[in-house]
Novice: 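Here it is, the structure in full.
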Amino acid sequence: MCRNIKTLFNFDPTATDDEIYAASLQYVRKVSGFSKPSKINEESFHKAVEEVTFITRNLLNSLQTSAEPRNREVEAEQARARNAKRFGTGQIS
């Protein structure tokens, strides 16, 4: 189960519907404790994901900022640098 929902606001290009859906799915998985719901809970689970997706899209569309949009590639590179520093290079000597 994913423990990290990424920031979607103020990026250029803006967050896609797939990214918003993925974040919503991660959120519902986290709060429900299900990575995959049982048959009896499946309808409620998927309804919750759709509702969170709708609300998240509305939130992102309504937020305003005077800050310059962040660049996804720059943010990804900074995250890789932080992870390399935190976890090392991953090579075993």
Side-chain angles (χ1 to χ4, degrees):
M1 185 179 314
C2 185
R3 295 185 179 117
N4 185 16
I5 298 174
K6 297 186 180 352
T7 301
L8 298 176
F9 178 62
N10 198 28
F11 277 100
D12 186 26
T14 59
T16 65
D17 288 341
D18 288 342
E19 290 171 316
I20 294 170
Y21 180 84
S24 300
L25 179 59
Q26 290 174 356
Y27 174 78
V28 172
R29 283 177 173 170
K30 186 67 172 182
V31 298
S32 70
F34 300 136
S35 59
K36 182 178 180 196
S38 63
K39 281 286 188 195
I40 197 165
N41 293 319
E42 195 169 16
E43 184 178 339
S44 296
F45 183 89
H46 292 297
K47 182 179 179 191
V49 172
E50 291 303 321
E51 289 176 355
V52 171
T53 299
F54 177 77
I55 291 167
T56 302
R57 187 177 299 110
N58 288 343
L59 171 65
L60 293 175
N61 289 338
S62 67
L63 293 175
Q64 299 178 18
T65 184
S66 59
E68 289 292 318
R70 294 176 283 184
N71 182 299
R72 291 177 187 276
E73 294 166 8
V74 170
E75 294 289 324
E77 183 57 39
Q78 289 173 348
R80 282 190 289 274
R82 282 191 306 272
N83 286 337
K85 182 177 180 182
R86 181 175 179 192
F87 300 115
T89 61
Q91 296 176 350
I92 300 174
S93 306

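Because only heavy atoms are used, hydrogens play no part in the values below, and waters and symmetry mates are left out as well, while side chains stay in.
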Novice: How close do A15 and L60 get, counting heavy atoms only, and between which atoms?
Specialist: CB-CD1, 4.4 Å
Novice: Could you report the tightest heavy-atom contact between R70 and T7, atom names first, then the distance?
Specialist: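 Scanning both residues completely, I find the closest heavy atoms to be NH2-CG2, 3.2 Å.
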Novice: Should E75 and K6 count as an ion pair when the cut-off is N to O under 4.0 Å?
Specialist: no
Novice: Test K47 against E50 for salt bridge (charged side-chain N to carboxylate O under 4.0 Å, His left out), laying out the working first.
Specialist: CA-CA 5 Å; K47 182 179 179 191; E50 291 303 321; over 6 Å; no
Novice: Do you know which two heavy atoms are closest between F34 and F45, and how far apart they sit?
Specialist: O-CE1, 3.9 Å
Novice: Measuring from atom NZ of K30 to atom CG of L25, what distance do you get when rounded to the nearest 0.5 angstrom?
Specialist: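 Going from NZ on K30 over to CG on L25, the span is 13.5 Å.
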Novice: Could you report the tightest heavy-atom contact between P69 and F11, atom names first, then the distance?
Specialist: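 So the minimum-distance heavy-atom pair works out to CB-C, 4.2 Å.
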Novice: For the CZ atom of F54 and the CG atom of L59, what is their distance to the nearest 0.5 Å?
Specialist: 12.0 Å
Novice: For E42 and P37, work out which heavy atoms get closest and say how close.
Specialist: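 For E42 versus P37, the nearest heavy atoms are CA-CG, 3.9 Å.
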Novice: Flag yes if I55 and L63 sit in one hydrophobic cluster, no otherwise; membership is Ile, Leu, Val, Met, Phe, Trp, Tyr, and two members link when side-chain heavy atoms are under 4.5 Å apart.
Specialist: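 I55 does not cluster with L63.
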Novice: Using only atom types and a distance under 3.5 Å, with no angle test, would you say the side chain of N10 pairs donor to acceptor with the backbone of E68?
Specialist: yes
Novice: Do other residues, nucleotides or ligands put more than 12 heavy atoms under 6.0 Å from the OH atom of Y27?
Specialist: no
Novice: Taking all non-hydrogen atoms of both residues into account, name the closest pair between L8 and A23 and its distance.
Specialist: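 Between these two residues, the closest heavy atoms are CD1-CB, 3.9 Å.
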Novice: Could you give the distance from CD (E19) to OG1 (T14), rounded to the nearest 0.5 Å?
Specialist: 8.5 Å
Novice: State plainly whether the residues E77 and R80 are in salt-bridge range, i.e. N to O under 4.0 Å.
Specialist: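 Yes, this pair counts.
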Novice: Does CD1 belonging to I40 count more than 12 external heavy atoms closer than 6.0 Å?
Specialist: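 Count not over threshold, so no.
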Novice: Any sub-3.5 Å donor-acceptor pair from R72's side-chain atoms to P13's backbone N or O?
Specialist: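 Confirmed, R72 side chain pairs with P13 backbone.
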Novice: Find the distance between CD (Q64) and CZ (F9) and round it off to the nearest 0.5 Å.
Specialist: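 Here the rounded value is 8.0 Å.
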